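What follows is a set of notes on a single structure, which appears directly below.
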2 protein chains.
Amino acid sequence: MQMDMTAIRQKFQEKQYKFTPQRQTILQAFADHGDRHLSAEEVHGIVKQKTADIGLATVYRTLEILSELDILQKNDFGDGRNRYEVSAANMTHHHHHLICLSCHAVKEFEDDLLETLECAIAKKSDFLIVDHHLKFYGYCQDCRTKHE
Amino acid sequence: MQMDMTAIRQKFQEKQYKFTPQRQTILQAFADHGDRHLSAEEVHGIVKQKTADIGLATVYRTLEILSELDILQKNDFGDGRNRYEVSAANMTHHHHHLICLSCHAVKEFEDDLLETLECAIAKKSDFLIVDHHLKFYGYCQDCRTKHE
DNA sequence: CTTAGTGCAAAACCTTTGCAACTCT
DNA sequence: AGAGTTGCAAAGGTTTTGCACTAAG
């Protein structure tokens, strides 16, 4: 997955955050595994294999910053830990999640239909809406066939 | 908020769960505060004031059961704990949440438009969809005026 | 140089679990 | 009577924090 490093570096500068090697490495982990929803522990595992021995605390602190800068999106899929993915703001399409209540598999689907609803809600509610998350819960094909 | 106790009692029987005084008290807490999104700790506080001294572990176990029976809905609004409210299944309209990123206020809005989308997704994705959660993130009126 | 970031270990937090005593059905 | 439930305390797992040390701008 490609990321606009110039734009990211700029976001760091705006907030006067330093673009340290550790932070770059963590960002690289998402460039390499942009398709997955990584937990802090998983990110820690990936960067550890790769090169440096980055502390878990640093991973947490970096994920926090990357979420704040809207580079990553923090997700809770109900498995007891937060999971991160490259933010919707950096993608052409919004996408949402289908979560299997049985095996916790997460499938994605694209969506452009919600913008209309978002505008309508914003007008009625006095909220300045900057993002939305839509999750569908159910049972995936595999679990349904197994269960029979 | 009114709840159909007969229906609830029946759901308990179907799964052979006992309808103990503790569970009734916890349910009552939601009848009394059905408008709020209660955390386990808050429920514990409410029932403790009220009468019995119910253990926190029991609260957690009961909330788990009530979610499983689809009487309550478990929510994560990003403040580090789960919050429960009377389930959409027991309401006439689905409702969703507007979450203020600044003060964590949660505002609700109703929605009936999503059923169409849900059907379309279900067909394409091989998922048996049983529920959906839609959250909008932004900044509420109060925080926007304060910030200026 | 100065301010922010790192690593480690300890602490904080929410949630779950083991177990003996207890109580609905 | 018997299976399920409770309360307590301890354990579990994730995330945060204090602090001395290090490094980026």
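Since this is a predicted model, take the numbers as computed values, not measurements. Sequence lines set the chain letters: A, B, ... in the order given, protein chains first and strands last, and positions in each chain run from 1.
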Write down the atom of [X], the atom of [Y], and the distance for their closest heavy-atom approach.
X       : Y       : answer
A/Arg23 : A/Ile65 : NH2-CD1, 3.5 Å
A/Tyr84 : A/Ser67 : CE2-OG, 3.4 Å
B/Val59 : B/Ala40 : CG1-O, 3.6 Å

Pair [X] and [Y], ring centroids less than 6.0 Å apart:
X        : Y        : result
B/Phe77  : B/His37  : yes
A/His95  : A/Phe109 : no
B/Phe136 : B/His96  : no

Set of salt bridge (Lys or Arg N to Asp or Glu O under 4.0 Å) partners for B/Arg83, sequence neighbours left out:
B/Glu42, B/Asp79

Partners meeting salt bridge (Lys or Arg N to Asp or Glu O under 4.0 Å) with B/Lys15 (sequence neighbours left out)
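For B/Lys15, the residues satisfying salt bridge (Lys or Arg N to Asp or Glu O under 4.0 Å) (neighbours in sequence not counted) are B/Glu68.
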
Residues two or more places apart in sequence or in another chain: which of them pass side chain to side chain contact (heavy atoms under 4.5 Å, CB included) with B/Ala105?
B/Cys100, B/Cys103

Nearest whole angstrom, please: distance from the [atom2] of [N] to the [atom1] of [X].
X       : N      : atom1 : atom2 : value
A/Tyr60 : C/dG7  : OH    : P     : 15 Å
A/Glu64 : C/dT6  : CD    : C1'   : 17 Å
B/Leu63 : C/dC14 : CG    : P     : 14 Å
A/Phe12 : C/dT3  : CZ    : P     : 21 Å
A/Asn82 : C/dC14 : CG    : P     : 14 Å
B/Phe77 : C/dC14 : CZ    : C1'   : 17 Å

So how far off straight is the helix from C/dC1-D/dG25 to C/dT25-D/dA1, going by the axes through five pairs at either end, to 10°?
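Here the helix ends are tilted 50° relative to one another.
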
Can you tell me if B/Arg81 touches the phosphate of C/dC13, counting only side-chain N or O atoms and a distance under 4.0 Å to OP1 or OP2?
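No, outside the criterion.
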
For a 4.0 angstrom threshold against heavy atoms of chain A, report the outermost contacting nucleotides of DNA chain D in 5' to 3' order.
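Nucleotide range with atoms under 4.0 Å of chain A: D/dT14 to D/dG25.
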
The answer to which of A/Gln16 and B/Leu56 contacts DNA chain C further toward the 5' end, by nearest nucleotide, is A/Gln16

On DNA chain C, nearest-nucleotide positions of B/Ser39 versus A/Thr62: which is more 5'?
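On the 5' side of the pair lies A/Thr62.
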
Return yes if a side-chain donor-acceptor contact under 3.5 Å exists between A/Glu85 and A/His97, otherwise no.
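Yes, a side-chain donor-acceptor pair sits under 3.5 Å.
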
Contact pattern, 5' to 3', of nucleotides 18-25 of chain C - B, S or - by protein heavy atom under 4.0 Å:
B-----BS

B/Thr62 side chain to B/Thr58 backbone, donor-acceptor under 3.5 Å:
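Yes, the answer is positive, given that a donor and an acceptor are paired below the 3.5 Å cut-off.
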
